[in-house]
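Okay, structure first, notes after.
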Amino acid sequence: MAQFGDFTVDRNSTKYVLGSGGTIISYATDQPAFEFNADGSYKGLLVEPAATNLCLRSEDINTTWVAYQATPTQSTEETPDGDTSSKYIKLVDDGGGGSGGVRVYQSITVLANTKYTASVFLKADQLAFAYLFVNDYDGGTDGSQYFGLSGAGSLGTASNLDDSSIEAYPNGWYRCSVTWTQGAADTNMLLWIQLASSITNADVDRDGTSSIFVWGAQVEASPIATSYIPTTTASVTRVKDDITQTGASSLIGQTEGTLYVEVDWRLASGTFQHLLSVNDGSSSNRILIYNQNDATLRMVAIANNSLQTIQGPSSSGYSGIQKIAFAYAEDDFELYRNGSSISSDTTGSLAALATLTDIDLGQSYSAIQQANMHIRAAAIYPTRLSDAECEALTTL
């Protein structure tokens, strides 16, 4: 464990995120991972649950991967982590003549009835299009998505997927991802990474020059692509982020107060996500802001195991930067988002509330249900701020 200001950080694994200099950098065990946007602007402290990359040889398409009408080729092209050594990252057609599909693929063992996301960093070379294909994930069902690797990046034709995305990285790289739900009786799938000649066509000329760059492949049990986890000969697990402060009773408003958190929202539904919590180390006495798996942003106060308030509107449309505050006092609970009050409750007693001692950032009191998003700022006020103050605090 390591200290992050007054907080303790416990994550027994390395974490990889985009640094301010435009390359993916590593944060050592127990270090908070601050990420930046592709333009170098601050994105936030990335808090995530545990994840495992099931895809082997994530940075080498010449080993473990099977080539079909393709010739994996070495290149010194700079990868997203700044590496310029010669490595197998160039996917080129085999020069067999005519046209057809050109790909590398890998067979991956998975769990039935589970949502998965596959992601890979791609860069244009002689071609500026690519195709991700999830083969036979549900009784013969396949999922696919075309990607345009230029400008801001673009999504083309798709089929049989829960979701897909493309995110521009520095130096012409894009992180492309697809999400699907594995079938009830299917515990294996094939991930194809394929060249494409357009945003709708996966057949290319097999003249020995059709090519793109491929790096950083990942398959994980998750509704989104989480931070990159490099692999070689075996799957690798990134441990959850556990960020907490204990013995903090003097900082916490015990009978009234305000919780404030600013996040860069990246996952709206499908899982519980605790954004900010003050508690006594148990479920019996808590005041918190969290996102429920039914896509509801909620304020919650529990005193001596008795629920005093649980209020909140749908958050299914949230994305990007969100500023949220929960002001609480006796019979006075109010939730604010982006400059407006969005929920209130005038009934609820804090008289039975035990002394609150702990602060949990981006997780529950029991160090689970991580926020799975970027936390840009957080504050705890020992008084119930006024409506005007809360509106000003949360205005974008």
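Within 6.0 Å of the OH atom in Y105, the count of heavy atoms belonging to other residues, nucleotides or ligands does not exceed 12.
The ring-ring contact (aromatic ring centres under 6.0 Å, His included) search around Y146 returns Y131, not counting sequence neighbours. Scored by the ring-ring contact (aromatic ring centres under 6.0 Å, His included) test, Y174 finds no partners at all (sequence neighbours excluded).
Listed for the D205 side chain is no donor-acceptor partner under 3.5 Å among the backbone atoms of D207. A side-chain donor-acceptor contact under 3.5 Å links K240 to the backbone of A367.
Residue I24 belongs to a hydrophobic cluster whose other members are Y16, L18, I89, F121, Y169, W173, F213, W215, Y228, with links defined by side-chain heavy atoms closer than 4.5 Å.
Side chains of T71 and D93: a donor-acceptor N/O pair is absent below 3.5 angstrom, by distance only. Under the 3.5 Å distance criterion, with hydrogens and angles disregarded, no donor-acceptor pair is assigned to the side chains of R298 and N291. Residues T117 and S222 bring no donor and acceptor atom of their side chains to less than 3.5 Å of each other. N338 and Q322 share a donor-acceptor pair across their side chains, judged by distance under 3.5 Å alone. Judged by distance alone, the side chains of D280 and Y365 never bring a donor and an acceptor atom under 3.5 Å apart. For the residue pair D162/T181, the side-chain donor-acceptor check at 3.5 Å is satisfied. With no hydrogens or angles considered, no side-chain donor-acceptor pair links S306 and N304 at under 3.5 Å. Side-chain contact, T179 with D163: no donor N or O sits under 3.5 Å from an acceptor N or O.
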Subject >> side-chain contact (heavy atoms from CB on, under 4.5 Å) evaluation trace for V300 with R286 >> reply: CA-CA 8 Å; V300 177; R286 293 183 288 164; 5.9 Å; no
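A distance of 12.5 Å separates CZ in R376 from CZ in F34, rounded to the nearest 0.5 Å.
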